[in-house]
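Keep in mind that the numbers below use all heavy atoms, side chains included, and drop hydrogens, waters and symmetry copies. Chain letters run A, B, ... following the sequence lines, proteins first and then strands; every chain starts at 1. This one's a predicted model, so the numbers in the text were calculated from it and none came from an experiment.
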There are 2 protein chains.
Amino acid sequence: MNGNKVTLEHVARLAGVSIITVSKVLNNKGRISEATRARVLQAASQLGYVANSAARSLRGRPTQILGMVIPELVSPYFAEVARAAADCASQMGYDLAVFTTSRDPERERERVGTLLGGLADGLVFVVPIGAAGFLATLERSRSPVVLVNHFGTPTHLPVVRADSFEGSLAAIRHLLALGHRRIGFVSGAAHSSQAAERLRAYRECMMAAGLWDEQLVRPGDFTQQRGVEAGHELLSLEHPPTAIFAASDLTAFGVIAAARSRGLQVPEDLSVVGFDDIPAAAHSHPSLTTVAHPIPAMAQAAVELITRAMAGENVRDVHIEFPSQLVVRESCAPPPSNNRRKHR
Amino acid sequence: MNGNKVTLEHVARLAGVSIITVSKVLNNKGRISEATRARVLQAASQLGYVANSAARSLRGRPTQILGMVIPELVSPYFAEVARAAADCASQMGYDLAVFTTSRDPERERERVGTLLGGLADGLVFVVPIGAAGFLATLERSRSPVVLVNHFGTPTHLPVVRADSFEGSLAAIRHLLALGHRRIGFVSGAAHSSQAAERLRAYRECMMAAGLWDEQLVRPGDFTQQRGVEAGHELLSLEHPPTAIFAASDLTAFGVIAAARSRGLQVPEDLSVVGFDDIPAAAHSHPSLTTVAHPIPAMAQAAVELITRAMAGENVRDVHIEFPSQLVVRESCAPPPSNNRRKHR
DNA sequence: GCTTTATGAGTTAACGTTACCTCAACACTA
DNA sequence: TAGTGTTGAGGTAACGTTAACTCATAAAGC
């Protein structure tokens with residue numbers, strides 16, 4: 001692997017001193033004569049010595065590193081969370097080590113272990129899916145951990161999360177208020193608890209309004225590609241929807257692309273609502289009506305919680321929930337049938 | 001810090017076996033009776049045991065982790081690089097540990113040490129600024145390292161980078177071809193070698209055309225906020241520019257915002273070119289003409305190089321340069337004075 | 001009944017680093 | 001001169017884990 005690992009011993013031998021002396025020089029500890037110091041530094045530099053942090057952390061030095069385990073960085077939502085957390089951590093004098101797990105539970109467990117086993121002083125765990133047994137283990141280990149967006153099994157671990165239900169409800173009600181009656185839904189990835197919340201809000205609202213139609217719900221996976229496909233599926237229905245609520249902004253962009261390729265105008269012929277409020281949502285044309293999580297505030301809360309936990313404060317059962325909020329922009333309008341009636 | 005660290009010893013004591021036996025059970029090595037195995041697993045689970053990866057890596061096990069050291073995740077450019085690399089790494093069976101350094105050279109050195117010192121099998125180092133002595137050290141250490149976007153001191157370490165000069169040249173020539181004569185420039189952060197390349201292209205091109213005017217160059221820092229300020233500065237000049245080339249897309253958005261707040265239309269009254277081609281550039285209104293780095297290809301190349309290096313292949317002096325490319329969209333048009341002349 | 005073999009468990013040592021201690025040499029004070 | 005303090009260096013042990021051994025015990029083969 002690593003051609004020739006340079007250790008303290010190599011440096012010590014070259015400088016003609018003991019290992020301990022080298023360690024002291026490099027850590028600025030103890031009293032060392034200028035001559036020795038110079039010789040050691042010269043030797044270390046010559047050999048390209050880099051301290052082995054695994055060994056160092058094994059000796060119990062705090063690392064000033066916060067760990068973050070997150071499913072992926074590919075989706076803008078997670079990228080934003082990582083960004084915001086890195087920002088907060090940096091402001092508090094910590095560095096953030098971000099690990100992606102590709103949603104593989106085994107890997108997740110490993111990465112969490114890597115981080116808590118000496119590498120990081122604390123851990124922010126962005127939970128993709130309720131890993132019940134794992135969380136219980138984590139809980140018992142009493143390591144400084146904060147869960148972000150955990151919706152599954154109840155836990156005593158501190159949790160920071162954003163509501164998806166209320167915001168989704170607001171989105172559907174917004175469409176209903178505009179006069180829409182056939183409202184399609186493209187869901188998020190099957191394993192996501194956030195996706196489940198969004199679907200639940202859609203279902204409850206539509207059922208309460210007596211507008212529920214199973215045909216109007218299409219499975220999705222948060223991606224733009226799937227948005228295109230699902231958009232075509234919905235718009236090919238005998239009674240196509242006049243509005244579509246997508247479980248992510250990317251999916252919403254896909255739906256819009258599908259609509260355009262069929263000659264439909266957004267929002268004149270089709271209203272579209274997304275979820276996430278990624279930066280592109282504000283810059284797109286038309287700008288996208290969407291539901292926003294307050295990501296910076298969430299990251300701030302998570303980092304603050306973890307530092308409090310590391311300081312020894314008891315944060316058991318601290319649960320902080322942030323509201324989601326409908327951001328009305330340009331991608332929604334009254335349904336075309338209403339307009340026609342008006343014009344006649 | 002960590003309330004009660006659970007080690008193999010604790011598990012062993014509870015299960016009534018030796019430390020080694022526990023290690024064997026948890027690693028599926030050696031021959032263990034079913035009864036013992038069950039007891040050990042039960043004890044480990046009960047105590048919430050998580051292996052200390054520092055100790056483990058100290059014993060020389062490969063970690064299947066690639067390290068990435070990157071200045072920050074806040075700017076979309078770096079976020080995209082991290083995303084793309086995580087994607088590639090994941091496809092090759094590795095996880096990516098992303099470290100941000102806030103551009104602090106001391107931290108940078110530390111993080112690189114952390115990663116190479118046992119945590120990661122290899123390192124992708126996204127270089128913010130030429131840290132000459134550090135790179136020499138790294139080079140001598142013979143660790144598997146790939147530099148991304150290194151432009152400073154020559155090195156034998158493998159380098160993957162994207163050109164900024166040619167793309168910037170193309171951007172300025174595009175504006176010249178449209179008829180612009182007064183072209184403003186908002187530079188990137190002072191310490192960035194990429195920013196320097198962009199400025200160099202602007203200067204050489206404008207000087208060659210006999211259009212150089214120092215007033216037209218404003219210092220920037222890649223941010224949107226600074227784009228707003230610099231935009232106002234440039235548009236307040238006695239002879240304001242009819243086009244502005246910004247060293248980043250965010251800055252370009254800032255310039256556009258400044259122009260709008262002064263009642264100017266883009267691109268009718270002011271043409272704007274950005275740099276980076278962040279996702280929002282395609283979705284903005286008007287969509288942004290910009291210069292793109294082929295980030296996915298770069299990430300792919302970097303990850304491939306690092307895996308080759310880890311496999312023992314000699315990658316000394318391998319330098320791969322990707323071209324930057326002008327992406328023409330809607331934010332540029334002929335200057336208004338030209339139109340007037342035509343109309344008269 | 002004795003050797004061979006399989007099985008399950010434990011021992012030892014080492015990875016690279018650092019906290020804590022010891023120790024030699026020398027320069028002061030009383 | 002003896003005692004005290006300062007300076008510079010080295011020694012020992014420990015962090016948690018695991019590879020390579022060793023060693024009992026019991027089953028199988030002759």
Exercise. Tell me the salt bridge (Lys or Arg N to Asp or Glu O under 4.0 Å) pairs involving residues 17-34 of chain B, sequence neighbours left out?
Worked result: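 Matches after skipping sequence neighbours: B/Glu34-B/Arg37.
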For this session: Quickly work out the A/Leu26 CG to C/dT17 C1' distance and round it to whole Å.
Result: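 In whole Å, C/dT17 C1' lies 11 Å from A/Leu26 CG.
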For this session: Go along nucleotides 5-12 of chain C 5' to 3' and tag each nucleotide: B for a protein heavy atom under 4.0 Å from its base, S when only backbone or sugar atoms are that close, - otherwise.
Result: --SBBBBB
For this session: May I have all residue pairs that pass ring pair (Phe, Tyr, Trp, His ring centres under 6.0 Å) and include part of residues 21-77 of chain A, sequence neighbours excluded?
Result: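 Applying ring pair (Phe, Tyr, Trp, His ring centres under 6.0 Å) to every pair that reaches into residues 21-77 of chain A, excluding sequence neighbours, yields A/Tyr77-A/His293.
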For this session: For B/Ser18, enumerate each residue passing the side-chain hydrogen bond (donor to acceptor under 3.5 Å, both in side chains) test, keeping only those at least two apart in sequence or located in another chain.
Result: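 With sequence neighbours excluded, B/Ser18 shows a side-chain hydrogen bond (donor to acceptor under 3.5 Å, both in side chains) to B/Thr21, given in chain and number order.
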For this session: May I ask you to say what B/Ala54 touches in the nucleic acid, namely base, sugar-phosphate or nothing, with a heavy-atom cut-off under 4.0 Å?
Result: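 Touches nothing.
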Exercise. A/Arg56 near the nucleic acid: base, sugar-phosphate alone, or nothing, with a heavy-atom cut-off under 4.0 Å?
Worked result: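 Result for A/Arg56 = sugar-phosphate.
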Problem set entry | Difference in axis direction between the ends of the helix from C/dG1-D/dC30 to C/dA30-D/dT1, five pairs, 10° |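 Here the local axes at opposite ends form an angle of 50°.
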Problem set entry | Non-neighbouring partners of A/Glu313 that pass side chain to side chain contact (heavy atoms under 4.5 Å, CB included), sequence neighbours left out |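 Only A/Arg308 meet the side chain to side chain contact (heavy atoms under 4.5 Å, CB included) criterion with A/Glu313.
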Exercise. What pairs with B/Ala302 under side chain to side chain contact (heavy atoms under 4.5 Å, CB included), at least two apart in sequence or on another chain?
Worked result: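 Side chain to side chain contact (heavy atoms under 4.5 Å, CB included) check on B/Ala302 returns B/Val124, B/Val146, B/Val148, B/Val160.
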Exercise. Earliest and latest nucleotide of DNA chain D, 5' to 3', sitting under 4.0 Å from a non-hydrogen atom of chain A?
Worked result: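 Using the under 4.0 Å cut-off, the span is D/dT7 to D/dG16.
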For this session: Provide the closest heavy-atom pair for A/Ala120 versus A/Gly67 in the form atom of the first, atom of the second, distance.
Result: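 Looking at all heavy atoms of both residues, the closest pair is CB-N, 3.6 Å.
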By salt bridge (charged side-chain N to carboxylate O under 4.0 Å, His left out), which residues pair with [X], not counting sequence neighbours?
X        : result
A/Arg83  : A/Glu80
B/Glu139 : none
A/Glu321 : A/Arg161
B/Arg59  : none

